[in-house]
2 protein chains.
Amino acid sequence: MPEPRSRKDAARNREAVLAAADALFGRCESPDDVTMADVAAAAQVGKGTIFRAFGDRAGLLRALYEARLEPIRKAVESGPPPLGPATPPQDRVPALLDATLCFKLDNRSLALALEESGSGSPYRAEHYERWHSMLRAVLEQIPGLPDSGFAAHVLLAATRADLVEHLAGEKHVPRETMRAQLADFTAALLASGSRRESDAGG
Amino acid sequence: MPEPRSRKDAARNREAVLAAADALFGRCESPDDVTMADVAAAAQVGKGTIFRAFGDRAGLLRALYEARLEPIRKAVESGPPPLGPATPPQDRVPALLDATLCFKLDNRSLALALEESGSGSPYRAEHYERWHSMLRAVLEQIPGLPDSGFAAHVLLAATRADLVEHLAGEKHVPRETMRAQLADFTAALLASGSRRESDAGG
DNA sequence: TGCGAAGCGGACCGCTGGTCCGTATCGTTG
DNA sequence: CAACGATACGGACCAGCGGTCCGCTTCGCA
């Protein structure tokens, strides 16, 4: 393959930057407290090196985000229930949403940084498209629901980083309470489908 | 009253800035195409004047937003059905959501500007708090629903400016389609409540 | 060991939101 | 109408950001 393998120092620096940024975003309060210069300093690297490796700020954020999301992506694509493909749709939808909610709770600053200063709307991000079509496909298998594309957008919007941050950080809603509320909400929505189901069935 | 009435020129300039900003945000593609200097130039006013009158960028955005929102606020607080207080909850919820959706569709760049660069999360804005508690109160009157506070957050998230922008601007979803999808979604959610109602009732 | 290519780093740039203060305007008072 | 304090004006100015550039260093292949 014509893949131009990167040099050893380049790879090492890339990891250093990733690690430094990870730590910095994890620690800080607001995402824009962390500047590119900060990351460069923390990684003991020149600013130019960061931009060479990631293109721009959004590129760095995306790389970090994808890296952290990787385990969940795997679990969804080829893992055991309740996240994996073998799960029945009625159970998988809440599981997917619970997973994203927990992810955002565990990576608040990072998710916030990506969604808010992420070079325009979060909806252009490639990973959003993936999650959306995944969720949409699962919803599609549940009859009696409204437009599954739109429903998927709304359900994902229910786990948006700034909403999560507002509820968890500002209003001090406990983690388990939020998970329960999201689960309840989802259940209520899915119930409207199974209602017509049971009407038809008997 | 100890209200320190503002000078005539100050008031005139304030209006000029408001008008200029309104026009500029209405015309432009992305909200950050409009800088403070642009607004100042368009209003034929010094930059200092803007900051004196509105504090900072977010202040200007907020003032504009509130001004445009004013008619809707009135209609909701003391207008005729389907927005006014005399409307039965089951009809008022979809009406409120449809109104916000239409508002965001009609004021895309402005809403986008306020939500994304509005000095942190849109959830800290005072008008969000108002809308949320309003919607929550109406939802509360419909029995059988999940936590109305959370449901209100989610339903409002369904009309967020960047989602609306994505669907209308990027995916070219027609206005009426979006309205219908939102209405369907809302109906599905409310149905889960009236279902337990009818179970109990007969 | 030598040498081209790849990568490095931090001074540098353009641009933004926001401040500052000498100057012009207001409107009140005698 | 004149004079004067208070208020507002405006644009030069500032700090800090993301992003670029290019002389120098380091890599790794022959």
Side-chain angles (χ1 to χ4, degrees), chain A residues 2-21 24-25 28-64 109-110 112-120, chain B residues 2-21 24-25 28-64 109-110 112-120:
Chain A
E3 185 90 30
R5 294 261 324 286
S6 66
R7 248 164 59 171
K8 207 181 347 182
D9 52 351
R12 186 168 37 77
N13 280 330
R14 186 189 164 88
E15 291 312 307
V17 169
L18 234 29
L24 251 43
F25 278 108
C28 76
E29 203 59 31
S30 163
D32 13 309
D33 291 350
V34 180
T35 72
M36 292 290 113
D38 290 340
V39 176
Q44 307 216 63
V45 144
K47 248 197 333 173
T49 301
I50 297 186
F51 285 96
R52 166 175 296 272
F54 299 97
D56 58 5
R57 181 177 232 262
L60 173 58
L61 268 338
R62 244 177 287 136
L64 263 177
S109 350
L110 181 56
L112 213 49
L114 190 68
E115 285 191 17
E116 90 179 11
S117 83
S119 171
Chain B
E3 185 92 29
R5 294 259 326 285
S6 65
R7 249 165 57 172
K8 208 182 346 186
D9 52 350
R12 186 169 37 77
N13 279 332
R14 187 190 164 89
E15 291 312 307
V17 168
L18 235 28
L24 252 43
F25 279 108
C28 76
E29 204 58 29
S30 163
D32 15 308
D33 291 350
V34 180
T35 72
M36 293 290 111
D38 290 340
V39 176
Q44 308 217 62
V45 143
K47 245 194 339 168
T49 301
I50 298 188
F51 285 95
R52 166 173 294 273
F54 299 97
D56 58 5
R57 180 176 232 261
L60 173 58
L61 268 338
R62 244 177 286 137
L64 263 176
S109 349
L110 182 56
L112 213 50
L114 190 68
E115 285 191 15
E116 89 178 12
S117 83
S119 171

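First the proteins, then the strands, lettered A, B, ... as listed; each starts at 1. All values below were derived from every heavy atom in this structure, side-chain atoms included, with hydrogens, water molecules and symmetry-related copies excluded. From a predicted model like this one, the values you see are computed outputs, not experimental measurements.
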Spacing between B/Phe54 atom CZ and D/dC9 atom P, to the nearest angstrom = 11 Å
Mind calculating the distance between CZ (B/Phe51) and P (D/dG11) to the nearest angstrom?
-> 15 Å
Between B/Arg14 (CZ) and D/dC9 (C1'), how many Å, whole number?
-> 16 Å
Over all heavy atoms of both residues, which pair between A/Val17 and A/Ala43 is shortest? Give the atoms and the distance, please.
-> CA-CB, 3.8 Å
Taking for A/Arg52 and for A/Met36 the nucleotide of DNA chain D with the nearest heavy atom, the one nearer the 5' end belongs to A/Met36
Could you state the atom-to-atom distance from CG of A/Leu61 to P of D/dG18 in whole Å?
-> 10 Å
Heavy atoms under 4.0 Å, any strand shown: does A/Asn13 hit a base, just sugar-phosphate, or nothing?
-> sugar-phosphate
Please give, in whole Å, the distance from D/dC17 P to B/Asp32 CG?
-> 18 Å
Taking for each residue the nucleotide of DNA chain D with the nearest heavy atom, is it A/Ala37 or B/Gly48 whose nucleotide lies nearer the 5' end?
-> B/Gly48
Value in whole Å for how far the P atom of C/dG18 lies from CG of B/Leu60 | 10 Å
Take B/Thr35 and A/Val45, find for each the nucleotide of DNA chain C with the closest heavy atom, and name the residue whose nucleotide sits nearer the 5' end.
-> A/Val45
Please report, rounded to the nearest Å, how far the P atom of D/dT7 is from the CZ atom of B/Arg12.
-> 19 Å
Is there a side-chain contact between A/Met36 and A/Leu60, using heavy atoms and a 4.5 Å cut-off?
-> yes
Closest contact, heavy atoms only, A/Pro31 versus A/Ser109 = CG-O, 3.7 Å
Answer yes or no: does a side-chain N or O of B/Arg57 lie under 4.0 Å from OP1 or OP2 of C/dG17?
-> yes
Can you tell me the distance, in whole Å, between the NZ atom of A/Lys8 and the C1' atom of D/dC29?
-> 13 Å
At under 4.0 Å, does any side-chain N or O of B/Thr49 touch on OP1 or OP2 of D/dA8?
-> no
Result for 5'-nearest mapping on DNA chain C, choosing between B/Lys47 and A/Asp9, is A/Asp9
Find out whether B/Phe54 and B/Arg62 are in side-chain contact, i.e. whether some heavy atom of one side chain is under 4.5 Å from a heavy atom of the other.
-> no
What's the spacing between A/Lys8 NZ and A/Asn13 CG if we round to 0.5 Å?
-> 13.0 Å
